[in-house]
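Below: the structure, in structure tokens.
Atoms considered below: every heavy atom in the structure, side chains included; atoms not considered: hydrogens, waters and symmetry mates. Letters A, B, ... mirror the listed sequences (proteins, then strands); counts begin at 1.
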Amino acid sequence: MSVRFYNTMTNKKEEFVPLEEGKVGMYVCGITAYDMCHIGHARSAVVFDVIFKYFKYRGYNVTYVKNFTDVDDKIIAKANEEGTDISEISERYIKEHNEDMDRFGIARPTMTPKATENIQGMIRLISTLIEKGLAYDVDGDVYFSVGKFKQYGKLSGRHIEEMVAGARIEVDEKKTNPLDFILWKSAKEGEPWWDSPWGRGRPGWHIECSVMSQRFLGTTFDIHGGGRDLIFPHHENEIAQAEGASGEIFARYWIHNGFIRVNQEKMSKSLGNIFNMREAMNQYHPEVLRLFMMHSHYRSPVDFSDESLAEARLGMERFYGTLRNIKQYLATDIDFSALSSKSLTGNDEAIFEKVTTLPERFTEAMDDDFNTARALGYIFDVVRLINGYCSDKKFRPTPEALYVLNAAMTAIREVGKVLGLFLEDPDDYFEQDKKREAAKFGLNIDEIERLIEERQKARAAGNWKKADEIRDHLVSKKITLKDTPETTTWTIG
RNA sequence: GGCGGCAUAGCCAAGUGGCUAAGGCAGCGGUCUGCAAAACCGUUAUUCACCGGUUCGAAUCCGGUUGCCGCCUCCA
């Protein structure tokens with residue numbers, strides 16, 4: 001079996017055959033460093049983080065390159081606003097980006113090049129394009145001549161003539177064809193610049209990705225990814241630049257993630273419905289946000305709302321609840337180290353078989369276009385199975401049972417690691433959750449625990465009326481109690 | 001105007017030619033519990049927006065209709 005996924009270039013699911021056996025070269029368009037990251041950036045990061053981790057899980061040696069755009073109009077505007085230079089702005093937001101992504105459980109890519117570190121490579125590529133007659137220089141501005149690249153539009157399925165007729169394109173006197181895009185911009189007063197054969201200026205947006213991807217991954221490489229909105233014009237232009245210059249195929253497979261929506265609308269700055277990552281992480285555990293995203297296929301749009309996040313939180317509670325349960329059983333001093341799967345019989349054996357084959361089902365789901373939703377379904381199956389196993393009246397924590405539970409935990413953790421889930425200690429997870437929820441609802445944890453203690457005394461005395469009064473009071477504050485013979489635990493929400 | 005995507009139970013969401021249409025949330029009945037909660041068991045779509053067609057057979061393929069969304073301008 002091999003990994004299959006949807007290739008935007010062909011609009012079909014295809015079997016993935018890497019250029020070089022056992023290796024994957026992947027380039028993903030990163031952020032323009034001029035503002036805090038929002039959950040849309042987080043989704044893209046999660047999608048490619050999971051793909052990165054999954055290829056590694058499948059035994060590939062992956063080189064994952066994700067760039068930072070650190071020179072651009074918006075960065076310049078912000079720098080001018082603050083009376084500083086662009087590097088201060090970009091460095092600040094790259095730092096914020098890394099902090100957010102780390103907290104989100106996103107593994108650092110193999111390489112994270114910056115545009116400004118690759119200006120010479122861009123100048124070389126632009127020069128080649130001019131030599132080949134695919135680009136032209138007008139007063140220090142260099143444009144790509146779209147009409148000269150026969151395959152223009154092959155990724156997005158567009159045709160040059162139709163786009164010209166489409167008319168929403170700004171008229172620029174300097175361009176031969178209104179669809180031509182800029183490769184090099186001449187510097188205006190007060191803008192950062194680099195020397196070039198066409199005078200002082202800076203690169204256009206698209207050129208950096210053509211250069212950096214090929215620099216680190218080769219002229220032709222395996223996978224290029226990014227958000228759906230980058231298909232046109234960004235990725236189309238990257239192809240034109242790279243393939244126009246080299247005459248060879250640029251990226252062999254294209255992966256694009258779907259968008260985050262809010263109330264059925266795209267989340268965008270112009271609509272003012274942006275949720276930034278940091279804010280979201282204060283409201284929900286990063287794993288809850290990841291679970292929410294992975295609940296849907298990576299190419300589908302997902303609707304971001306309090307309801308959907310609350311549901312993801314409940315799902316997370318289910319996973320961690322089972323892991324906590326297993327952890328408690330394993331904390332006893334029953335020794336199961338001498339056992340092997342051969343020692344198991346009957347139900348123990350059947351459950352063991354089912355849980356230890358989870359990675360196989362997980363792989364089957366992920367091999368099919370990174371189907372995280374189906375994979376999660378399989379993990380939920382194991383959770384239900386284990387909960388049933390433990391809650392059976394005949395269940396006893398025998399060494400055999402603990403051996404099975406340990407295998408279940410190992411299997412869940414193994415696949416969870418690829419998805420970036422279940423990485424917390426279950427008790428820590430619930431502790432964090434409690435604090436976060438308490439802060440959200442303005443509740444005082446000490447006060448709650450004092451009331452619970454008071455209720456415990458009433459319960460011990462058989463004063464059910466008082467115990468229930470206290471519980472009702474807490475329930476009205478969204479606090480749920482769970483009594484066990486010895487103690488009472490509680491959760492919010 | 002051009003290009004593309006989506007439509008599956010109360011909600012979220014897999015499934016893209018053939019076993020009983022995954023899984024989660026919510027609901028209902030039961031087990032457990034002082035009562036609850038959690039957990040478990042059972043139950044909840046003869047049916048996959050609508051209309052035609054292809055096929056022995058379609059949620060899945062084809063054509064049309066309706067609705068929603070994205071891209072075509074910076075955008076993950």
List in chain and number order the residues that pass side chain to side chain contact (heavy atoms under 4.5 Å, CB included) with A:Phe68, two or more places apart in sequence or in another chain; answer none if no residue qualifies. A:Ile31, A:Ile94, A:His97, A:Asn98, A:Thr112, A:Lys114
Could you work out which one of B:A36, B:A39, B:C71 sits closest to the side chain of A:Asp483? B:A36
Both distances below 3.5 Å, Watson-Crick or wobble geometry, any strand: find the nucleotide opposite B:C25. B:G10
With the sugar-phosphate defined as primed atoms, P, OP1 and OP2, and the base as all remaining atoms, what B/S/- string results for nucleotides 18-26 of chain B, 5' to 3', for protein heavy atoms under 4.0 Å? ----BBBSS
If we call it a pair only when both distances are under 3.5 Å in a Watson-Crick or G-U wobble match, what pairs with B:C50? B:G64
When both hydrogen-bonding distances must be under 3.5 Å and the geometry is Watson-Crick or G-U wobble, what is B:G1 paired with, if anything? B:C72
Name the closest nucleotide to the A:Asn387 side chain, picking from B:C40, B:G34, B:A76. B:C40
How long is the line joining CZ of A:Arg313 and P of B:A38, in whole Å? 12 Å
Does A:Asn80 have any side chain to side chain contact (heavy atoms under 4.5 Å, CB included) partners at least two apart in sequence or in another chain, and if so, which? A:Ile76
Among B:A14, B:G4, B:A76, which nucleotide has an atom closest to any side-chain atom of A:Arg228? B:G4
Roughly how many Å is it from CZ in A:Phe259 to P in B:G4, rounded to a whole number? 19 Å
Rounded to whole Å, the NE2-C1' distance (A:His235 to B:C72) equals 16 Å
Look at the side-chain N and O atoms of A:Ser300 and state whether any lies under 4.0 Å from the OP1 or OP2 oxygen of B:A14. yes
Partner nucleotide, any strand, of B:A37 [Watson-Crick/G-U, under 3.5 Å]: none
Roughly how many Å is it from CZ in A:Arg361 to C1' in B:G15, rounded to a whole number? 17 Å
Sequence neighbours excluded, the answer for side chain to side chain contact (heavy atoms under 4.5 Å, CB included) partners of A:Gln328 is A:Arg324, A:Asn325
Rounded at 0.5 Å granularity, tell me how far CZ in A:Arg436 sits from CD in A:Gln283. 9.0 Å
Grab the CG-P distance between A:Asn325 and B:C40 for me, whole Å please. 10 Å
Quick one: list whatever passes side chain to side chain contact (heavy atoms under 4.5 Å, CB included) with A:Lys327, sequence neighbours left out. A:Asp425, A:Pro426, A:Asp427
Starting from P on B:C71, measure out to NE2 on A:His234 and report it in whole angstrom. 16 Å
Whole angstroms only, please: what is the CD1-P distance between A:Ile160 and B:G2? 19 Å
Can you tell me which residue pairs pass the salt bridge (charged side-chain N to carboxylate O under 4.0 Å, His left out) test with a partner in residues 42-54 of chain A, sequence neighbours excluded? A:Asp49-A:Lys53, A:Asp49-A:Arg290
